[in-house]
2 protein chains.
Amino acid sequence: MRNAFAMSITSQETTVRLEDQVCFALYAAARTAQQAYRPLLDELGLTYPQYLVLLVLWEQDGQTVSALGDRLHLDSGTLSPLLRRLDEHGLITRERQSTDARRVSVHLTAAGDDLRSRAAEVQRCLEGAVPLPPEDLLSLRDLSRRFAGSDA
Amino acid sequence: MRNAFAMSITSQETTVRLEDQVCFALYAAARTAQQAYRPLLDELGLTYPQYLVLLVLWEQDGQTVSALGDRLHLDSGTLSPLLRRLDEHGLITRERQSTDARRVSVHLTAAGDDLRSRAAEVQRCLEGAVPLPPEDLLSLRDLSRRFAGSDA
DNA sequence: GGCGAAAGCATTGCGCACGATTCAATTGTG
DNA sequence: CACAATTGAATCGTGCGCAATGCTTTCGCC
């Protein structure tokens with residue numbers, strides 16, 4: 001609103017600066033985070049979204065596709081091919097539920113379960129690499145959650 | 001290391017909870033931000049990264065591909081096809097510099113410049129839609145910048 | 001001037017994200 | 001029971017993101 005008058009004069013006036021934008025900062029920070037994970041996850045043959053799926057399955061095995069999607073805020077259009085690749089890599093299996101043949105439950109294989117301890121090492125490697133003090137990380141996490149959780 | 005013993009008993013012990021992770025919070029928040037922009041940018045025929053490129057060009061026209069990449073933290077593998085689509089949509093033109101034929105400078109067309117005022121409207125629509133108080137948004141932006149800026 | 005190294009950009013390949021659509025299976029309703 | 005509506009997952013098309021590769025151009029250095 002504040003530049004309403006200036007905007008009416010010439011299009012040169014509406015300077016929306018990139019660096020002022022919260023959304024761009026989030027966009028850049030999220031990609032920075034994934035880049036930090038990449039070299040470590042490469043050794044496990046995982047992408048970051050695949051790692052997140054395993055994280056959810058390690059918490060509780062045998063969840064449905066839509067349950068995974070609820071946790072990760074992803075739909076079947078993203079998860080189905082991702083799960084197919086995890087299946088092809090031998091980390092999970094998928095099977096239609098007998099009680100409701102619409103649902104597909106996702107289960108870890110032994111190989112998928114074995115990655116858990118190696119993934120814990122990934123976490124330890126990254127904890128030391130973050131340049132922000134712990135209290136700022138907590139603030140960043142909580143603010144991000146509130147930002148994202150608002151639409152849920 | 002703290003769960004090394006427990007880990008040797010059963011793999012159930014290394015619980016890295018998804019919701020505790022800063023990186024997942026950033027990942028989810030960044031996608032939430034893009035989803036907030038999407039319906040508004042759809043009316044302009046833009047994606048969010050395309051909008052960011054135009055934002056940079058509205059600040060200063062005629063920048064090179066690598067200059068845009070520096071601002072947005074994107075490489076030519078991402079920008080080249082994105083710029084080609086903006087070109088095909090008639091919003092920008094690209095031309096090799098005569099002084100240095102390696103460089104390609106990107107210029108707004110009249111149509112690209114006209115989008116500027118409509119984009120300002122997008123900003124105003126979103127400002128009211130964000131559920132966080134302004135001071136929290138500033139905190140989120142600055143923490144995100146520090147998180148991302150550390151690797152620069 | 002010649003020539004190897006580096007810069008700048010384009011292309012390719014793969015894996016997300018997401019809207020839209022499709023399809024089977026289930027649920028709800030009369 | 002019939003049948004319309006809904007649900008759950010898969011598929012498709014488009015557009016990022018990014019590593020790897022290739023190619024032209026420029027620069028550095030002799």
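Chain naming here is simple, since letters A, B, ... match the order of the sequence lines and numbering starts at 1 in each.
The nucleotide whose nearest atom lies closest to any side-chain atom of B:Ala101 is, among D:dA9, D:dT11, D:dT25, D:dT25.
One finds a side-chain N or O of B:Gln35 lying less than 4.0 angstrom from the OP1 or OP2 phosphate oxygen of C:dC18. Contact between the side-chain N/O atoms of B:Ser80 and the OP1/OP2 oxygens of C:dA10 is found at a separation under 4.0 Å. Contact check, B:Tyr48 against C:dA17: no side-chain N or O comes under 4.0 Å of OP1 or OP2. At the phosphate of D:dA10, neither OP1 nor OP2 sits under 4.0 Å from any side-chain N or O atom of A:Arg84. Remark: A:Arg85 is in phosphate contact with C:dC16, judged by side-chain N or O atoms under 4.0 Å from OP1 or OP2. A:Gln34 has a side-chain polar atom (N or O) that falls below the 4.0 Å cut-off from OP1 or OP2 of C:dA17.
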For A:Leu26 and B:Thr32, run side chain to side chain contact (heavy atoms under 4.5 Å, CB included): C-alpha distance rounded to whole Å, both residues' side-chain angles, the deciding distance at 0.1 Å, then the answer.
CA-CA 10 Å; A:Leu26 283 172; B:Thr32 298; over 6 Å; no

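Residue whose closest nucleotide on DNA chain C sits further toward the 5' end, between A:Leu74 and B:Pro81: B:Pro81. Closest-nucleotide positions on DNA chain D for B:Gln50 and A:Thr64 were compared, and the one nearer the 5' end corresponds to A:Thr64. Residue A:Asp75 is the one, among A:Ser98 and A:Asp75, whose nearest nucleotide of DNA chain C lies closer to the 5' end (criterion: closest heavy atom).
Note: CZ (A:Arg31) to P (C:dC16) measures 17 Å, nearest angstrom. To the nearest angstrom, C1' of D:dC16 lies 14 Å from CG of B:Leu41. Rounded to whole Å, atom P of C:dC16 lies 15 Å from atom OH of A:Tyr51. Straight-line distance from the CZ atom of B:Arg96 to the P atom of D:dC23: 15 Å, rounded to whole Å. If you measure from atom OH of B:Tyr27 to atom P of D:dG17, you get 12 Å, rounded to the nearest angstrom. The CG-P distance, from B:Asp100 to C:dA7, rounds to 13 Å in whole Å. Nucleotide C:dG19 holds its C1' atom 21 Å from the OH atom of B:Tyr37, rounded to whole Å. Atom-to-atom, CD of B:Gln63 to C1' of C:dG8 comes out at 15 Å; the value is rounded to the nearest Å.
The pair A:Arg141-B:Glu19 does not meet the salt-bridge criterion, since no charged nitrogen lies less than 4.0 angstrom from a carboxylate oxygen. Between A:Glu88 and A:Arg85 no salt bridge is recorded (no basic side-chain N to carboxylate O distance below 4.0 Å).
Of all heavy-atom pairs between B:Cys23 and A:Ala33, the closest is SG-CB, 3.6 Å. Counting all heavy atoms, side chain and backbone alike, A:Ile92 lies closest to A:Asp87 at O-OD1, 3.3 Å. Of all heavy-atom pairs spanning B:Arg145 and A:Ala25, the tightest one is CG-CB, 4.0 Å. The minimum heavy-atom distance linking A:Leu57 with A:Leu68 is given by the pair CD2-CD2, 4.0 Å.
Among the heavy atoms of the strands lying under 4.0 Å from B:Thr47 are primed sugar atoms or P, OP1, OP2 only; no base atom is included. Contacts of A:Ser76 with the nucleic acid, taken as non-hydrogen atoms under 4.0 Å apart, include base atoms. Within the nucleic acid shown, A:Leu79 has no heavy atom closer than 4.0 Å to any nucleic acid atom.
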Distances under 3.5 Å between protein N/O atoms and the N/O atoms of nucleotides 5-7 of chain D, please, pair by pair.
{"from": "D:dT7", "atom 1": "O2", "to": "A:Arg102", "atom 2": "NH1", "distance (Å)": "3.1"}

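A tilted orientation is assigned to the rings of B:Tyr37 and B:Tyr48, their planes being inclined by 30° to 60°.
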